[in-house]
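A quick write-up on the structure given underneath.
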Amino acid sequence: MAFESLSDKLTSILKKWRGQARLTEANMDDMLKEVRVALLEADVNFKVVKEFTNNVKQKAIGEEVIGKLNPGQVLVKIVHDELEDLLGSSDSEIKYISGRPTIIMLVGLQGSGKTTTAGKLAYLMKNKLKKKVLLAACDVYRPAAIEQLETLARQVGVDIVNQGTAANPVDISRFAKEKARRELYDVLIIDTAGRLQIDEQLMDELNNINKAVECDEILLLVDAMAGQDAVNVANAFNERLDLTGCIMSKLDGDARGGAALSIRHLTGVPIKFAGVGEKITDLDIFHPDRMADRILGMGDVVTLVEKAQEELDEKQMKKSVNKMMDGTFDLDDLLDQMRQIKKMGSIRKIASLIPGMPKISDEQNALAEKELKNIEVIISSMTPYERKHPEVLKFSRKKRIAAGSGKTLADINRVLNKYEQSKEAAKMIKKSSKNGKIPPGGLGGLGGLGGLS
């Protein structure tokens, strides 16, 4: 994940300085030197780093942190607020227009992923924001781009304006605007052509589309892996188009995060959406305050709750919990819980949103994902009766299930042990809830996840 290395370093630095009995100007300079190195190693622009550390120091002095006992919490808040300000503070939301379609034009270099992102944006706005969305295929120079957008429109379930490769992009966008207005669409997303490099022909075409339809949002797609080059691209587009925001792609990758922390401060262009994967669902609204929380190791409970509300079947989960509590929880319920958890993403991604959760390594995540898959394969190899009545699973049945699933008897027994642990945890919670106490380990054993990581 982007920011992972920076997050580890900043968390370690702040943890060490929280333990200081007092902060003096001298030891604060030492702390800020460590922060400066961490930011530079994350590929944050040196001008941004200098201003960031100066602001932290000035605010710490202004808050009279220096000389106070236990100043750690105040210092963490100052660093958090400065990170949030760097990332865009409160100016990262799309402002939807009432009474007419909100027109969004996507721009960027060729190969940046605009067409895929147009589909992701349509999905997000249709399914999460409940908007009626229309796509416009204005990249007439690449037939594959039009075909791809058609495929994405069908996949998402939205309409598209496609006039082929012979039409003029300005005419297409003008027609799409009129259709969106006439048929009461909430949002029109215009997918434009890119170039391998910024040129006058590209900029003229984009400006002509903007003049023809009067875009409400012009969003630049930038690659988080591009580092400081992303800032240069943003500046070049912004000079000609007056960008309203950018979409940062590949924030789930190994990017060091410097582009995201630099781009808004150096260009004035806020990040409005973040690409966090390759699936059509992997585009999130960018929240600077939540990202600052994650960078400082504070988790992101709000995003976790939102993801759970979007992905999980609330009725089914409630039914499973009720069955656990009354002792009728069976292997079908365990299997359903595994599948619900997989909808929310990787174990590592879920854990990163939980405050105080230890970091999960790539190896641990791979093992956990493998364990979830094993559980699903093994339970699916059982008969419906066996899943409802696990107590009948003796040696001969286990041997048949092992052969059918390609697993060992030890694998079968491990799944059954997790099932029993889940039942025991439920009993403890039910018993403890009567006197208002949570048992040791809390909900850790529920859902068969205990010991996976």
Side-chain angles (χ1 to χ4, degrees), residues 88 91-109 112-141 145-146 148-150 152-153 156-164 167-194 202-222 234 237-249 268-275 283 285-286:
D91 59 355
S92 61
E93 295 184 4
I94 294 285
K95 295 176 176 61
Y96 297 96
I97 310 301
S98 177
R100 67 168 178 83
T102 299
I103 302 175
I104 299 172
M105 179 167 69
L106 294 186
V107 301
L109 296 178
S112 60
K114 288 188 308 301
T115 301
T116 300
T117 300
K120 291 181 177 181
L121 193 56
Y123 179 91
L124 184 150
M125 291 181 168
K126 174 179 181 285
N127 293 281
K128 297 183 181 180
L129 304 179
K130 309 305 178 186
K131 304 290 184 183
K132 183 180 179 183
V133 181
L134 176 66
L135 289 168
C138 290
D139 184 356
V140 299
Y141 309 103
I146 296 176
Q148 182 185 3
L149 198 63
E150 280 274 11
L152 289 167
V156 175
V158 298
D159 296 326
I160 182 174
V161 171
N162 173 12
Q163 297 185 344
N168 183 292
V170 177
D171 294 336
I172 297 170
S173 60
R174 192 180 285 116
F175 175 86
K177 177 184 178 180
E178 180 55 31
K179 175 180 173 67
R181 185 197 62 78
R182 186 176 62 250
E183 299 181 19
L184 304 179
Y185 285 87
D186 298 310
V187 179
L188 167 62
I189 300 172
I190 301 173
D191 179 34
T192 64
L202 167 64
M203 291 302 181
D204 286 344
E205 180 174 288
L206 296 176
N207 271 312
N208 289 336
I209 292 174
N210 187 29
K211 290 175 184 176
V213 301
E214 298 177 305
C215 298
D216 300 296
E217 298 276 353
I218 303 177
L219 303 181
L220 171 69
L221 184 66
V222 292
F237 272 91
N238 196 37
E239 286 172 6
R240 296 292 302 273
L241 291 171
D242 194 18
L243 300 171
T244 61
C246 72
I247 300 175
M248 186 72 66
S249 68
V269 178
I271 304 171
K272 298 205 171 187
F273 298 94
L283 185 72
I285 297 171
F286 188 80

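Computed from heavy atoms alone, side chains included, the values below leave out hydrogens, waters and symmetry copies. Here, residue 1 is the first one in the sequence, and each next residue gets the next number.
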List the steps and the verdict of side chain to side chain contact (heavy atoms under 4.5 Å, CB included) for R100 and D216.
CA-CA 11 Å; R100 67 168 178 83; D216 300 296; 2.8 Å; yes
Kindly indicate, with the supporting measurements, whether the criterion side chain to side chain contact (heavy atoms under 4.5 Å, CB included) is fulfilled by F175 and Q163.
CA-CA 10 Å; F175 175 86; Q163 297 185 344; 3.3 Å; yes
Verdict with supporting geometry, I172 and V140, side chain to side chain contact (heavy atoms under 4.5 Å, CB included)
CA-CA 10 Å; I172 297 170; V140 299; 3.6 Å; yes
Begin from the C-alpha positions of L149 and N162 and carry the test side chain to side chain contact (heavy atoms under 4.5 Å, CB included) through to its verdict.
CA-CA 9 Å; L149 198 63; N162 173 12; over 6 Å; no
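Of all the heavy atoms in A212 and V170, the pair that sits closest is CB-CG1, 3.7 Å. Nearest approach of S112 to L221, heavy atoms of both residues: O-CD2, 3.0 Å. Taking each heavy atom of L202 and A193 in turn, the nearest pair found is CD1-O, 3.3 Å. Between S173 and I190, the closest heavy-atom pair is CB-CD1, 4.0 Å. Counting all heavy atoms, side chain and backbone alike, K272 lies closest to L219 at CD-CD2, 4.2 Å. Among all heavy-atom pairs drawn from K177 and V213, the shortest one is NZ-O, 3.2 Å.
In this structure the side chain of I103 never reaches within 4.5 angstrom of the side chain of E214, judged on heavy atoms. Here the side chains of P169 and Y141 are in contact, with some heavy-atom distance below 4.5 Å. Taking the side chain as every heavy atom from C-beta outward, V107 and L241 approach each other to under 4.5 Å. For the pair F237/L206, a side-chain contact is recorded, criterion being any heavy-atom separation below 4.5 Å from C-beta on. Side-chain contact between V158 and L135 is present, with at least one heavy-atom pair separated by less than 4.5 Å. Between I189 and M125 the shortest side-chain heavy-atom distance falls below 4.5 Å.
By the side chain to side chain contact (heavy atoms under 4.5 Å, CB included) test, D242 pairs with N238, sequence neighbours left out. Not counting sequence neighbours, the partners of N210 by the side chain to side chain contact (heavy atoms under 4.5 Å, CB included) test are M105, C215, I218.
If you take CG on D139 and CD on E205, they are separated by 8.5 Å, rounding to the nearest 0.5 Å. Atom CG of L121 sits about 7.0 Å away from atom CD1 of I94, to the nearest 0.5 Å. Going from atom CD1 of I271 over to atom CD1 of I285 covers 14.5 Å, rounded to the nearest 0.5 Å. Atom CG of D186 is separated from atom NZ of K130 by 12.5 Å, given to the nearest 0.5 angstrom. Here L152 contributes atom CG and T117 contributes atom OG1; the two are 9.5 Å apart, rounded to the nearest 0.5 Å. Residue I209 holds its CD1 atom at 11.5 Å from CG of D204, rounded to the nearest 0.5 Å.
At distances below 3.5 Å, at least one donor-acceptor pair connects side-chain atoms of T192 with backbone N or O atoms of L106. Side chain of T116 to backbone of G113: no donor-acceptor contact under 3.5 angstrom is found. At distances below 3.5 Å, not a single donor-acceptor pair connects side-chain atoms of K120 with backbone N or O atoms of L283.
Taking the ring centre of Y185 as origin, the terminal cationic atom of K132 falls inside the region bounded by 6.0 Å and 45° from the ring axis.
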